[in-house]
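A quick write-up on the structure given underneath.
Quantities reported herein were computed from a predicted structural model and do not represent experimental measurements.
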Amino acid sequence: MSELIILYLIIYLLVVVVALTGAKRQVDKEDRIYSAIEKLKLDQISVVIPFRNEQDNLAGLVESINKSNNLPLEFIFVNDHSEDLSLSVINTLKAEVNYSIVQLKAEQLGKKVAIREGISNAEGSYILSLDADVIFSEMYFSSLKQLEERDLYILPVQLFSGKGNILFEQDVYMLSALNLCVSGIFRPIVASGANLLYRKSAFERHDDIGSHAHIQSGDDMFLMKNFIDKGASVELITNISFTVKTKTPDSWIDFFHQRVRWAAKTTALKDLLGHGVNALQGILTLLFVYLTLRFVAENDLYPAIFLWLLKSASDMIIALPFTWRQKRWSNWFFMPIYELIYPFYLLLMVILVMIMRPSWKGRTVTSR
């Protein structure tokens, strides 16, 4: 038992050192981007927003656009056969907002098709893809002018829950923190289609929709992987100025459908680096569970508590750089409790991925 504890301590110490090194390098890399002379211009950017039955969410996005102190070249809303009042909400945009609505044809279905239809109608040399349920600050578009020209920028997405369900946010928060650390040493392993900025010509060269068209979800992750595999310039940005926010699912059922979709598309991606990071996290979690259960079975609670505090402190140190940049202090302080919940959550997710057929907007999602 003592040998396993020592091994656990050594592994976690190495992980913490490597993670902090990666975080420092990533932050330095971002600072160099902001200090460059050649910058993006807003009149280069077309914003593509696919939507399906989003009348309750589009109001927040429309309000964010109307309050923005600078605007990009155009907004292209792509309607994926909505059956609600989404169009009426979009048409409350201010007169000075240059926007258009593209309707998908009867045979065209899904977010991937909608994004590509929007890009084909875009006039800008850069595409900013946003989800229909995001909100952002009035300075969001102005912040984009700090960026150099690159092929792809993975911009930050913050989850928030109006109902106080912090558990819904926590796994995405931790994954984003790991993404910062890994990106500083290797490259990003996670991208969210809720906030992606990419060069239109690079998309047309590197898009490989044929390899994943049968998988309805995951366009963001496959796009990132295609760009990386083709040698395009891909950058992660974690500064809070570039953040959009989106609500967590309103119910546990919606939450698990979302997480199963995410887990399935990650599996289908076949990204060795991402799988390696997930495997290391899984091994450390299993070792933590095994040692804790052994201590509890032997009625030796002090080592079990020490192990829990050690893991909590280590993960809080790893997440601190991301937390500082995104001001996610509620998630950071929730970490010790999450450490106790996470093993059960991980086991449940493994089971659900095997038996659950997730759905989205009334459609069953193919994920394999």
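Taking the ring pair (Phe, Tyr, Trp, His ring centres under 6.0 Å) definition, one finds that F242 meets it with Y34, sequence neighbours left out. Residues satisfying the side-chain contact (heavy atoms from CB on, under 4.5 Å) test with V244, not counting sequence neighbours, are L130, V134, F136, Y140, V157, N195. Y198 is linked by a ring pair (Phe, Tyr, Trp, His ring centres under 6.0 Å) to F203, counting only residues two or more places apart in sequence or in another chain.
In this model, no donor atom of one side chain and acceptor atom of the other lie less than 3.5 Å apart for E74 and S100. Inspection of the R150 and S233 side chains reveals no N or O donor paired with an N or O acceptor under 3.5 Å. Between the side chains of S183 and Q26, a donor-acceptor pair is found at a separation under 3.5 Å. Under 3.5 Å, the side chains of N69 and S142 contain a donor-acceptor pair of N or O atoms. If you check the side chains of E63 and N66, you find no donor sitting under 3.5 Å from an acceptor.
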> Would F75 and F141 count as a ring-ring contact (aromatic ring centres under 6.0 Å, His included) if you check the C-alpha gap in whole Å, the side-chain angles of each, and the deciding distance to 0.1 Å?
Replying inline: CA-CA 12 Å; F75 294 86; F141 290 118; 5.7 Å; yes
>> Under the criterion side chain to side chain donor-acceptor pair (under 3.5 Å), I'd like the reasoning laid out for T243 against Q326: C-alpha separation, chi angles, the key distance, then a yes or no.
In response: CA-CA 8 Å; T243 298; Q326 284 283 306; 3.0 Å; yes
>> Please determine whether side chain to side chain contact (heavy atoms under 4.5 Å, CB included) holds for the pair I90 and I101, giving the CA-CA distance in whole Å, both sets of side-chain angles, and the decisive distance to 0.1 Å.
In response: CA-CA 9 Å; I90 293 170; I101 299 174; 3.9 Å; yes
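The closest side-chain heavy-atom distance from L40 to K145 is not below 4.5 Å. Looking at T292 and W308, their side chains never come closer than 4.5 Å, going by heavy atoms from C-beta outward. At least one side-chain heavy atom of N79 sits under 4.5 Å from a side-chain heavy atom of F51. Between F334 and Q170, the closest side-chain pair of non-hydrogen atoms falls below 4.5 Å. In this structure the side chain of L61 reaches within 4.5 angstrom of the side chain of I49, judged on heavy atoms. At least one side-chain heavy atom of F77 sits under 4.5 Å from a side-chain heavy atom of L58. When side chains are defined from C-beta on, L196 does not count as touching Y153, because their heavy atoms never get closer than 4.5 Å. Looking only at side-chain heavy atoms (C-beta outward), Q158 and K245 come within less than 4.5 Å of each other.
Applying the side chain to side chain donor-acceptor pair (under 3.5 Å) test to every pair with at least one member in residues 270-282, sequence neighbours left out, gives these pairs: R187-D271. Listed by first and then second residue, the ring-ring contact (aromatic ring centres under 6.0 Å, His included) pairs involving residues 5-30 are Y8-Y12 (not counting sequence neighbours).
With salt bridges taken as basic N to acidic carboxylate O contacts below 4.0 Å, one links D28 and K24. Between R328 and E169, at least one side-chain nitrogen of the basic residue sits less than 4.0 Å from a carboxylate oxygen of the acidic one, meeting the salt-bridge criterion. Using a 4.0 Å cut-off between charged side-chain N and carboxylate O, D207 and R116 make a salt bridge. With respect to the salt-bridge test (charged N to carboxylate O, under 4.0 angstrom), the residues E339 and K311 qualify. Look at R259 and D171 and you find a salt bridge, because one of the NZ, NE, NH1 or NH2 atoms lies within 4.0 Å of a carboxylate O, short of that distance. Look at D131 and K111 and you find a salt bridge, because one of the NZ, NE, NH1 or NH2 atoms lies within 4.0 Å of a carboxylate O, short of that distance. Between E117 and K105, none of the side-chain N atoms (NZ, or NE/NH1/NH2) sits under 4.0 Å from a carboxylate O, so this pair counts as no salt bridge.
Considering R199, E149, E123 as possible partners of Q44, the one that fulfils the side chain to side chain donor-acceptor pair (under 3.5 Å) test is E149.
From S129, atom OG reaches atom CG of L223 across 7.5 Å, with rounding to the nearest 0.5 Å. Considering OG1 of T246 and CG of N57, their distance stands at 7.0 Å, rounded to 0.5 Å. Note that CG of L155 and CG of L152 are 8.5 Å apart. Values are rounded to the nearest 0.5 Å. Distance check: L197 CG to I154 CD1 gives 11.0 Å after rounding to the nearest 0.5 Å. Atom CD1 of residue I127 and atom OG of residue S46 lie 5.0 Å apart, to the nearest 0.5 angstrom. Taking CG of N226 as the start and CE of M221 as the end, the distance is 11.5 Å to the nearest 0.5 Å.
In terms of hydrophobic clustering, with Ile, Leu, Val, Met, Phe, Trp and Tyr side chains grouped at heavy-atom distances under 4.5 Å, L178 and V17 are assigned to different clusters. The cluster map of Ile, Leu, Val, Met, Phe, Trp and Tyr, joined by side-chain heavy atoms under 4.5 Å apart, puts V102 and V113 in the same cluster. Under a hydrophobic-cluster definition in which Ile, Leu, Val, Met, Phe, Trp and Tyr are linked whenever side-chain heavy atoms come within less than 4.5 Å, directly or via other members, L13 and L309 are assigned to different clusters.
Taking the ring axis of W329 as reference, the NZ or CZ atom of K327 does not stay both within 45° of it and closer than 6.0 Å to the ring centre.
Not a single donor-acceptor pair under 3.5 Å links the side chain of S64 to the backbone N or O of I135.
Its side chain within the 4.5 Å cluster rule, L301 clusters with V296 among the Ile, Leu, Val, Met, Phe, Trp and Tyr residues.
Atom NZ of K29 is surrounded by more than 12 heavy atoms from other residues, nucleotides or ligands within 6.0 Å.
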